[in-house]
A.B. asks: 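My structure is below; once you've seen it, I'll send some questions.
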2 protein chains.
Amino acid sequence: MSDKRENMAGSVSGGIQSVDVALRLVGELAQCGGPVTLSELARRAEMPPSKAHRYLASFIAAGLVVQAGRSGKYDLGPAAMEIGLAALARHDFVNRSADALPELRDATGMTVLLSVWGTEGATVVRWERAPAPVITSMGLGTTLPLLTSASGRIFLAWSPPGAIGGHLEKELALTRSNPTQSHLDYDVENVKALRERIREAGFATVDGRFIPGLVAVAAPVLDWQGEAQCAITLIGTDPAAIRPDGKVVSKLLEFCHGQSVALQTQATG
Amino acid sequence: MSDKRENMAGSVSGGIQSVDVALRLVGELAQCGGPVTLSELARRAEMPPSKAHRYLASFIAAGLVVQAGRSGKYDLGPAAMEIGLAALARHDFVNRSADALPELRDATGMTVLLSVWGTEGATVVRWERAPAPVITSMGLGTTLPLLTSASGRIFLAWSPPGAIGGHLEKELALTRSNPTQSHLDYDVENVKALRERIREAGFATVDGRFIPGLVAVAAPVLDWQGEAQCAITLIGTDPAAIRPDGKVVSKLLEFCHGQSVALQTQATG
DNA sequence: AAATCTATTGCATAATGCGTAAAAAATGAG
DNA sequence: CTCATTTTTTACGCATTATGCAATAGATTT
């Protein structure tokens with residue numbers, strides 16, 4: 001009767017089941033804003049607390065998770081930072097651009113954002129706040145929407161459709177169910193046209209419609225395949241700053257082009 | 001004869017064995033500078049390639065690992081970044097100090113480093129390069145030595161001895177076997193005295209002996225238990241800048257004290 | 001102080017990961 | 001182009017290991 005050799009659990013990755021469970025657990029923990037109790041974490045990951053507890057024991061032993069204070073709550077630990085920083089250093093435009101981002105900020109007077117494409121969307125990896133008092137509460141790891149942020153639109157335009165398909169659908173569904181933002185109601189055709197327009201222009205902008213009073217312009221750093229490795233975004237308050245033929249946009253494009261060339265020449269392997 | 005219920009493998013974490021293996025594997029992958037082949041990774045992690053392959057399948061399914069190009073080499077993926085960034089955002093002195101670090105840099109004219117204690121040692125988490133041309137090629141995730149860096153010495157002095165014991169011994173052994181650095185030959189007694197001196201002073205300095213031409217001074221941000229949550233380090237070229245009664249040191253101490261207070265008042269739970 | 005919720009540990013069972021080994025694919029030499 | 005060699009991937013049965021359930025211990029609230 002047990003001639004079915006396939007994995008009877010839903011998560012068929014061809015790998016190790018325990019690891020699938022473990023990664024689901026750390027994923028949930030990462031999405032929680034801060035320390036969580038065992039039972040809440042178990043609830044989110046949809047597993048009995050005792051099971052979660054055993055996995056957490058392994059995580060703690062590896063330093064991936066720590067138990068905060070004596071509240072017993074669990075939180076991500078130092079090993080998580082190290083793995084993340086190692087991953088960040090791999091895609092080394094982060095380090096390479098470290099010197100350049102402040103320059104760009106000073107040259108434009110706008111807040112500079114560096115984001116990459118993660119599993120949850122466009123993820124902020126580094127930012128340089130402008131001297132001007134722009135109220136942007138955007139921390140490391142913030143994920144930005146695909147359609148309504150300049151950063152997101154870069155990945156919309158310069159990522160293989162397969163990579164963003166799921167997220168795009170999710171956002172489209174969300175806009176439809178949100179009639180208050182009727183001016184944003186994109187459909188499959190609109191998005192296709194938007195994508196083309198952005199690719200032709202070489203950059204993407206959003207005006208104050210999405211975040212009132214804030215405007216942004218973004219451009220991609222492209223690898224040898226023409227895919228966006230990261231997006232550089234400038235955020236400010238002056239709508240005039242993001243005019244297609246303005247100084248800000250040209251500086252941004254120049255910068256991104258230089259980064260793209262640097263990325264493509266070194267990664268010939 | 002199998003009445004021994006204890007885990008017969010070496011890694012007894014009280015958790016899930018498969019997860020211990022998995023975390024060892026990602027740890028190795030993180031320590032490799034870049035993409036690695038299956039066989040090399042398996043060699044490092046001391047397991048048969050077939051075993052590593054199965055684990056990697058799970059990692060890839062979760063986005064923790066990607067297969068670079070068609071070389072088949074494995075590398076850390078976007079999920080690794082996200083987990084790391086989430087961990088970084090948790091220990092929120094990173095975000096809190098984001099505004100403050102540049103101020104400190106401008107006030108002192110020195111390069112500012114923010115480091116935390118990770119499993120591999122003192123780990124650079126954020127830095128602000130000084131306008132002055134200081135040649136410091138220090139990327140995110142760089143780990144600094146415990147004895148011969150100002151950042152490391154902070155954790156030497158303000159960490160529970162148990163947490164740093166292993167690393168300390170390793171470094172002591174390394175210094176002993178390295179006769180060219182005879183002026184560094186610390187032993188258990190020396191280190192104990194060094195630790196006491198640093199704790200009394202409230203900060204640690206290193207002069208040009210370790211990195212010729214560079215000097216550094218560091219101070220801790222302490223949590224409610226009196227342990228160092230992170231270290232703030234100033235790096236420069238002028239030995240006069242790091243005098244104990246100088247302006248730079250007092251600015252640094254003032255800054256760290258402020259951060260410590262902020263940390264302790266908000267984390268009352 | 002009682003009660004409720006949460007965290008942690010123990011145990012039997014069967015499901016899962018492990019080693020061995022072979023197939024398939026890639027690489028390199030003649 | 002063909003063969004030889006290395007590397008990656010898949011297959012399978014056995015034994016170890018993760019699991020669900022339940023009991024205990026601890027914490028927090030009424």
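In the text below, chain A, chain B and the rest are named by the order of the sequence lines, each starting its count at 1.
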A.B. asks: Under the side chain to side chain contact (heavy atoms under 4.5 Å, CB included) rule, collect the residues that match up with Glu28(B), sequence neighbours excluded.
C.D. replies: Gln31(B), Leu41(B), Arg44(B), Ala45(B)

A.B. asks: Would you mind telling me which of dT9(D), dT7(D), dC18(C) lies closest to the side-chain atoms of Ile16(A)?
C.D. replies: dC18(C)

A.B. asks: With axes from five pairs an end, tell me the bend angle of the helix from dA1(C)-dT30(D) to dA22(C)-dT9(D), nearest 10°.
C.D. replies: 50°

A.B. asks: May I have the distance from Leu38(B) (atom CG) to dA25(C) (atom C1'), rounded to whole angstrom?
C.D. replies: 13 Å

A.B. asks: Which nucleotide wins on minimum distance to the side chain of Gln17(B), given the candidates dT17(D), dT9(D), dT19(D)?
C.D. replies: dT17(D)

A.B. asks: Please list, chain by chain and in numerical order, all residues satisfying ring pair (Phe, Tyr, Trp, His ring centres under 6.0 Å) with Trp117(A), sequence neighbours excluded.
C.D. replies: Phe155(A), His167(A)

A.B. asks: Could I get the full list of side-chain hydrogen bond (donor to acceptor under 3.5 Å, both in side chains) partners for Thr119(A), not counting sequence neighbours?
C.D. replies: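 Once residues adjacent in sequence are excluded, the partners of Thr119(A) under the side-chain hydrogen bond (donor to acceptor under 3.5 Å, both in side chains) criterion are Glu82(B).
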
A.B. asks: Looking at DNA chain C, which of residues 45-55 of chain A put a heavy atom within less than 4.0 Å of it?
C.D. replies: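 Those residues are Ser50(A), His53(A), Arg54(A).
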
A.B. asks: Only counting residues at least two apart or in another chain, list the ones meeting side chain to side chain contact (heavy atoms under 4.5 Å, CB included) with Ala219(A).
C.D. replies: Phe203(A), Leu252(A), Leu253(A), Cys256(A)

A.B. asks: Measuring from the side chain of Arg43(A) (C-beta onward, heavy atoms only), which nucleotide among dT6(C), dA18(D), dT8(D) has the closest atom?
C.D. replies: dT6(C)

A.B. asks: How would you list, by chain and number, every residue that makes a side-chain hydrogen bond (donor to acceptor under 3.5 Å, both in side chains) with Tyr55(A), sequence neighbours excluded?
C.D. replies: none

A.B. asks: Could you work out, with side chain to side chain contact (heavy atoms under 4.5 Å, CB included) as the rule, every residue matching Glu227(A), not counting sequence neighbours?
C.D. replies: Pro160(A), Asp223(A), Gln225(A)

A.B. asks: Sequence neighbours left out, what passes side chain to side chain contact (heavy atoms under 4.5 Å, CB included) with Ser50(A)? Give chain and number order.
C.D. replies: Pro48(A)

A.B. asks: Would one find more than 12 heavy atoms of other residues, nucleotides or ligands at under 6.0 Å from atom CD of Glu169(B)?
C.D. replies: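 No, not enclosed.
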
